[in-house]
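Throughout, a chain's letter reflects where its sequence line sits, starting with A, and its residues are numbered from 1. Side chains are part of it too, since the values below use all heavy atoms of this structure and drop only hydrogens, waters and symmetry mates.
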Amino acid sequence: MKNTLQNTYNFIFEGSLINEILEISKIHDFKEGDIIIDFNENIKNMPLMLTGAIKILREDFDEGELLLYFIEKGDTCAMSMQCCLGNAKSEIRAIAETDGQLILIPVAKMNEWLGKYATWRNFVFNSYNNRLKEMLTTIDHLAFMNMDERLLNYLLEKSKINTSNQIKKTHQEIAYDLNTSRVVISRILKALENKGKIKLNRAYIELL
DNA sequence: ACATTAATTGTGT
DNA sequence: ACACAATTAATGT
């Protein structure tokens with residue numbers, strides 16, 4: 001674990017901070033499909049991603065789930081930070097997209113480090129900015145893009161997080177994340193295939 | 001190896 | 001959106 005931590009964060013945090021993290025924090029392994037955080041849960045730790053990826057969902061008016069963004073190695077969840085600081089309950093649900101592990105940092109330490117380490121402050125600040133930007137992007141997509149652009153975007157994001165052109169998801173699961181119906185996904189996917197952008201197979205999709 | 005079932009995907013209305 | 005056809009994977013015998 002020390003190696004993984006250093007590989008991912010060595011260029012962001014100074015050595016003394018890395019050591020403190022190693023001392024105080026607990027590591028948490030998760031498997032694909034695990035619910036990391038659920039709605040209305042109290043957050044007592046702040047997560048730092050080591051490996052794998054997690055998707056952040058928001059529940060919609062009609063029992064629908066809508067994907068906000070993915071987080072991966074080197075990221076943290078801005079939502080959970082906000083919950084930590086404000087002592088609030090979670091407004092979102094976090095589900096593991098792949099197997100992986102993360103580091104749990106107690107709220108007290110997180111606050112302490114904000115004053116103690118400039119690199120930590122920068123990290124938290126930057127994470128906030130990045131998440132906010134991503135949220136704006138997805139909001140733009142929701143408001144102004146049609147479904148095939150959203151879908152293409154989704155596929156690109158996914159291939160990024162598992163560093164593979166093979167996306168192993170069923171049309172149904174994709175439809176869930178984008179909060180639409182499976183048939184719509186199937187039709188758009190087929191259109192994309194005809195345009196030569198992707199290759200369609202059973203239970204997985206290949207980007208070209 | 002074969003038949004049966006379930007899951008995934010394609011298409012027409 | 002719905003219904004159903006077609007195709008493929010999974011399971012039991």
Side-chain angles (χ1 to χ4, degrees), chain A residues 27-41 47 49-75 77-80 89-102 130-208:
Chain A
I27 198 158
H28 182 246
D29 295 273
F30 54 86
K31 287 191 204 136
E32 178 178 345
D34 282 359
I35 296 180
I36 315 285
I37 299 170
D38 212 338
F39 300 107
N40 292 326
E41 251 182 40
M49 293 294 294
L50 278 187
T51 60
I54 292 175
K55 67 179 171 187
I56 307 299
L57 304 167
R58 177 146 182 81
E59 193 154 290
D60 214 15
F61 47 94
D62 249 348
E63 155 64 37
E65 283 184 339
L66 177 62
L67 179 142
L68 290 184
Y69 50 76
F70 293 104
I71 59 177
E72 50 189 325
K73 92 171 181 235
D75 286 333
C77 179
M79 280 300 173
S80 65
K89 299 193 170 192
S90 173
E91 305 260 342
I92 51 93
R93 169 181 291 162
I95 297 180
E97 188 70 10
T98 68
D99 295 355
Q101 44 187 199
L102 51 79
N130 290 335
R131 287 317 108 193
L132 197 56
K133 267 189 220 156
E134 280 214 40
M135 292 256 298
L136 285 180
T137 317
T138 55
I139 287 175
D140 280 347
H141 290 174
L142 275 178
F144 305 124
M145 291 170 92
N146 32 27
M147 189 48 95
D148 52 348
E149 287 173 291
R150 277 180 70 197
L151 178 55
L152 198 54
N153 206 66
Y154 175 86
L155 295 176
L156 292 175
E157 283 292 311
K158 270 209 75 60
S159 92
K160 217 174 271 177
I161 65 175
N162 36 327
T163 57
S164 159
N165 285 12
Q166 315 256 307
I167 296 160
K168 72 162 224 315
K169 282 221 158 250
T170 73
H171 299 179
Q172 183 64 71
E173 290 172 304
I174 298 173
Y176 241 142
D177 281 347
L178 295 183
N179 190 31
T180 180
S181 75
R182 193 227 92 218
V183 192
V184 170
I185 298 297
S186 290
R187 289 212 154 104
I188 298 173
L189 281 175
K190 221 192 135 219
L192 287 175
E193 183 181 41
N194 289 336
K195 284 187 204 155
K197 303 221 172 203
I198 59 175
K199 176 108 199 296
L200 233 43
N201 297 284
R202 190 190 176 81
Y204 73 94
I205 298 160
E206 198 176 341
L207 283 184
L208 298 178

query: Once you round it to whole Å, what is the distance between C1' of B/dA7 and OH of A/Y204?
result: 17 Å
statement: Separation of B/dG10 atom P from A/Q172 atom CD, nearest Å, is 13 Å
- prompt: Just how far, in rounded Å, is P of C/dA1 from CD1 of A/I188?
  reply: 11 Å
query: Strictly by modelled atom types, are A/D29 and A/Q101 linked by a side-chain donor-acceptor pair under 3.5 Å?
result: yes
statement: A/I174 CD1 to B/dG10 P, in whole Å, measures 11 Å
- request: Test for a donor-acceptor pair under 3.5 Å between the base of B/dA7 and the side chain of A/R202, counting only N and O atoms.
  value: yes
- prompt: When you check the gap from the basic side-chain N to the acidic O, do A/K160 and A/E72 get nearer than 4.0 Å?
  reply: no
- prompt: Rounded to the nearest Å, what distance is computed from the CD1 atom of residue A/I167 to the C1' atom of nucleotide B/dT8?
  reply: 17 Å
field: Phosphate contact (C/dA1 OP1 or OP2) by A/S181 side-chain N/O below 4.0 Å
entry: yes
message: Under a 4.0 Å threshold between the charged nitrogen and the carboxylate oxygen, would A/K55 count as salt-bridged to A/E65?
response: no
- request: Grab the NE2-C1' distance between A/H171 and B/dT11 for me, whole Å please.
  value: 14 Å
- request: Could you pick out which residue, A/R182 or A/R187, lies toward the 5' side of DNA chain C when each is mapped onto its nearest nucleotide?
  value: A/R187
message: Using whole Å, what does the distance between atom C1' of nucleotide B/dG10 and atom CD1 of A/I185 come to?
response: 15 Å
- request: Scan A/L200 against the nucleic acid and name what it touches under 4.0 Å (heavy atoms): base, sugar-phosphate only, or nothing.
  value: sugar-phosphate
message: Rounded to whole Å, how long is the line connecting atom CD1 of A/I205 with atom P of B/dT8?
response: 13 Å
B/dT11 phosphate, OP1 or OP2, under 4.0 Å from A/K190 side-chain N/O: yes
- prompt: Less than 4.0 Å between a side-chain N and a carboxylate O, is that true for A/D38 and A/R93?
  reply: yes
